[in-house]
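Here's the structure we're looking at; comments come further down.
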Amino acid sequence: MATDTSGVVSAVESTAEDIAAMEIRGAATIADAAAEALATQASESTAASPEAFREELRAAARTLYETRPTAVSLPNALRYVLRGMEGETVSELRAATIARAEAFQRDLEQAQSTLGEIGANRLRDGDVVMTHCHSTDALACIEAALEDGKEIEAIVKETRPRKQGHITARELRELGVPVTLIVDNAARRYLDRADHVLVGADSIAADGSVINKVGTSGLAVNARERGVPVMVAAQTIKLHPDTMTGHTVEIEMRDESEVLPEVERAEIAGGDHGDDELQVENPAFDVTPPRHVDAIVTERGQFPPESVVTLMRELFGESTGEPWEP
Ligand code: RUB
């Protein structure tokens with residue numbers, strides 16, 4: 001199989017490209033794909049020594065890490081798998097790494113389903129839920145509520161510029177949920193009909209701030225003003241350990257062409273003054289302060305945002321380094 005000079009196998013490179021291009025997207029799905037890629041690296045490695053094997057795995061982790069900066073599920077997944085890389089020989093290391101990645105993937109699935117059951121308890125029969133972006137954790141709550149026999153309706157925000165709301169609308173329709181799709185700017189008007197705002201998270205900071213798809217914070221402010229509770233569905237893998245020591249979460253800035261394709265840009269900037277001073281900014285995420293969030297629902301129970309730090313200390317200790325650091 002193909003490898004580059006660091007021994008990183010082509011399957012890892014292609015997973016990294018797919019994450020960067022958002023062919024693989026959403027925090028939980030990215031974590032799952034990253035663990036899978038490390039397992040593939042372990043199984044396809046031709047390393048001649050245990051040290052070379054470890055170095056290859058660390059290089060693969062770096063390749064995956066450098067794709068997108070905001071969803072902490074990615075470094076959390078890499079760290080978890082690399083910490084299971086134990087053994088004296090290459091074949092022991094290989095087996096341990098693959099087993100650890102498989103355990104991670106199983107736990108991820110289980111956590112989402114447990115979280116869904118907990119989140120479903122917040123939803124009553126007949127409730128209308130407003131969603132933003134596409135979150136598998138959020139959808140797990142709706143799916144579990146449906147399994148409990150409740151009828152749920154959804155108002156689905158389109159979510160410019162990538163329109164992940166379309167994925168949400170499609171998956172909800174597959175579950176038989178009545179869906180009203182709206183443009184993002186219509187959210188405040190439709191909050192009058194909503195019983196909950198339900199979103200996922202890419203990262204949760206130690207102070208309970210929620211980092212999620214851009215537009216979440218404005219939606220939460222409007223929901224607070226309208227008296228609609230905001231529920232964040234987020235497995236504990238979304239908790240950001242570095243924020244316990246004061247680090248902030250990097251907000252990914254994506255290519256401006258997602259907002260303004262070349263042709264449209266030329267139309268705007270086609271006048272006498274050219275386009276030198278036409279700027280397009282495309283932040284992919286924003287930060288919702290804890291005071292605008294009612295509950296963070298995890299597989300360990302639901303938490304007021306301000307108390308999530310207790311859970312973080314329990315799970316991570318006081319601090320962690322880069323995923324590939326021992
Ligand atoms: C996806 C997004 C999702 C979270 C949670 O952003 O903001 O709400 O990742 O998703 P993008 P999940 O489309 O830019 O990756 O609950 O599936 O982890």
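Values below: every heavy atom of this structure, side chains too, minus hydrogens, waters and symmetry copies. Whatever order the structure lists them in is the order used to number ligands and atoms, beginning at 1.
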Side chain D137, main chain Q235, donor-acceptor under 3.5 Å: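 Answer holds: yes.
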Reported CG-to-CZ distance for the pair L315 and R300, which is rounded to 0.5 angstrom: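 Rounded to the nearest 0.5 Å, the CG-CZ separation comes out at 5.0 Å.
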Spacing of NE2 belonging to H240 relative to OG1 belonging to T70, to within rounding of 0.5 Å: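 Taking NE2 in H240 and OG1 in T70, the distance rounds to 8.5 Å.
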Ligand-residue contact atoms, ligand 1 with [X], heavy atoms, under 4.0 Å:
X: K238; result: 12 (P), 16 (O), 18 (O)
X: R68; result: 11 (P), 14 (O), 15 (O)
X: D137; result: 16 (O)
X: Q164; result: 11 (P), 13 (O), 14 (O)

N or O pair under 3.5 Å between A28 and ligand 1: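 Right, the criterion is met.
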Test of proximity, G26 against ligand 1: N or O pairs below 3.5 Å: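 Yes, there is a polar N/O contact under 3.5 Å.
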R162 touching ligand 1 at heavy-atom level, < 4.0 angstrom: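 No.
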ring-ring contact (aromatic ring centres under 6.0 Å, His included): pairs with one or both residues in residues 93-118, sequence neighbours excluded: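 ring-ring contact (aromatic ring centres under 6.0 Å, His included) check on residues 93-118 returns Y80-F104.
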Flag for [Y]-[X]: side-chain donor and acceptor within less than 3.5 Å:
X: E258; Y: N282; result: yes
X: Q112; Y: T136; result: yes
X: S217; Y: D286; result: yes
X: E299; Y: T236; result: yes
X: H134; Y: E171; result: yes

Distance from [atom] to nearest protein heavy atom, with residue and atom:
atom: atom 8 (O) of ligand 1; result: N212 OD1, 2.7 Å
atom: atom 2 (C) of ligand 1; result: D202 OD1, 3.3 Å
atom: atom 13 (O) of ligand 1; result: R25 NE, 2.5 Å

Of the listed options C133, S135, G200, closest to atom 10 (O) of ligand 1 (non-hydrogen atoms):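 The nearest heavy atom belongs to S135.
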Does ligand 1 have a heavy atom under 4.0 Å from the side chain of [X], from its backbone, from both, or from neither?
X: K213; value: both
X: M22; value: side chain
X: H134; value: backbone
X: A201; value: backbone

Residue from T168, L146, V129 passing side chain to side chain contact (heavy atoms under 4.5 Å, CB included) with V177: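 Filter result, single survivor: L146.
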